[in-house]
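So that the names make sense, note that chain A is the first sequence line, chain B the second, and so on, each numbered from 1.
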Number of protein chains: 2
Amino acid sequence: MKQIRFSKQRKAIYEALKNSDSHPTAELLYQQLKEEYPELSLGTVYRNLHFFVNENQAVRIDVGDQVEHYDAVVMPHYHLYCQSCNALIDVHEEDYNYDLEKRVAKKTGYDIDSHSTIFYGLCHKCKN
Amino acid sequence: MKQIRFSKQRKAIYEALKNSDSHPTAELLYQQLKEEYPELSLGTVYRNLHFFVNENQAVRIDVGDQVEHYDAVVMPHYHLYCQSCNALIDVHEEDYNYDLEKRVAKKTGYDIDSHSTIFYGLCHKCKN
DNA sequence: TTCGTTGCAAACATTTTGCAGTTTC
DNA sequence: GAAACTGCAAAATGTTTGCAACGAA
């Protein structure tokens, strides 16, 4: 049984992630945290983000822009990816459809754990 | 107005993609085509896949395994990504929900072009 | 004191790109 | 013949990793 330690880097990375609603990448968190922890390394950010995902303290979101986005909100929800400004935005207004998973599992015979749905389009700013 | 030319490489890549139902990556198509076209280059495969996506002759599917998958079936449909064997499989049994897009567009005020939903779980082989 | 965690830098994997030569129309 | 396309190889990008030093419990 592996012991878990809470380094100040780990705490800081988690706080920064939790306080962000922009679904930041490792690089973004790194840039942001470097001001307060100049000795911080990008590898540490990656390692901790993976650690959080493993511990169910974060989820990874892949929208197809070649970078991993992370979210400390682990409750399943949908996202909009703005094709103009590349923002990744929560969609609170539509409930995550667990029923769809059950229905597809039944119809297909696959075991289904979860699903990810991402909307592509334009955010409020960019639609004008 | 840019003229389009149909090189034998372009035709071969498109045929290979169309005849595959495994949602191949550029690398996979490259390996497969190299037998018949030993001089083929990976860059050409990438360039053509991007070309097809631009021309709406293919779509890119991102499942979070760090590689781009492509599909010559451009009609929107869902996919299952098997977390055990990493296969990417079509889900024909559930209709693509255009209504969801409309509903979310209305509720959120975003312009929505499309959405991607990927189910994560286990395929028939791997669930046993 | 132990061993989990870090910083650093090198390695790795995937995708993109510049350029000279080739092919399509 | 013009310009789109290719092959090649180098560059760019994003992520992972080995290792010695550090630090949390």
From CZ of Arg47(A) across to P of dC19(D) the rounded distance in Å is 13 Å
Is Gln9(B) near enough to dG7(D) that one of its side-chain N or O atoms lies under 4.0 angstrom from OP1 or OP2? yes
Where does the angle between the aromatic ring planes of His50(A) and Tyr70(A) fall among parallel (under 30°), tilted (30 to 60°) and perpendicular (over 60°)? tilted
Whole angstrom value for the distance that separates P of dA4(D) from CD1 of Ile13(B): 18 Å
Nearest atoms (heavy-atom pairs only) where Ile89(B) meets Tyr110(A): CG2-OH, 3.1 Å
Please report the distance, rounded to the nearest Å, between CG in Leu49(A) and C1' in dT17(D). 16 Å
Note: chain A reaches DNA chain C at heavy-atom distances under 4.0 Å over the stretch, first to last nt, 5' to 3', of dT2(C) to dT15(C)
Among dG23(D), dT16(D), dA3(D), which nucleotide sits nearest the side chain of Arg5(B)? dA3(D)
To the nearest angstrom, the OH-P distance between Tyr37(A) and dG23(D) comes to 13 Å
For atom CG of Leu40(B) and atom P of dC5(D), their distance in whole Å: 15 Å
Parallel, tilted or perpendicular, as decided by the 30° and 60° cut-offs, for the rings of His92(B) and His77(B): parallel
Which whole-number value in Å describes the distance from Tyr46(A) OH to dG14(D) P? 8 Å
DNA chain C: 5'-proximal contact among Glu68(B) and Lys11(B) (nearest heavy atom): Glu68(B)
Check the distance between dT16(D)'s P and Phe51(A)'s CZ and give it to me in whole angstrom. 16 Å
Kindly assign one of parallel, tilted or perpendicular to the pair His115(A) and Phe119(B), based on the angle between their ring planes and the thresholds 30° and 60°. tilted
Phosphate-side-chain proximity, Ser7(A) and dA24(D), N/O vs OP1/OP2 below 4.0 Å: no
For Ala26(B) and Phe6(A), take the nucleotide of DNA chain C holding the closest heavy atom to each; which residue's nucleotide lies nearer the 5' end? Phe6(A)
Does the Ser20(B) side chain pair with the main chain of Ala16(B), one donor and one acceptor, at a distance under 3.5 Å? no
Report the relative orientation of the aromatic rings in Tyr96(A) and Tyr78(A); use parallel for angles under 30°, tilted for 30 to 60°, perpendicular for over 60°. tilted
What's the CG-P distance between Leu33(B) and dG7(D), to the nearest Å? 11 Å
On DNA chain D, compare the nucleotides closest to Gly43(B) and Lys8(B); which residue's is nearer the 5' end? Lys8(B)
For a quick test of reading the model: is some side-chain N or O of His50(A) closer than 4.0 Å to OP1 or OP2 of dT16(D)? yes
What does Glu27(A) touch in the nucleic acid at a heavy-atom separation under 4.0 angstrom: a base, only the sugar-phosphate, or nothing? nothing
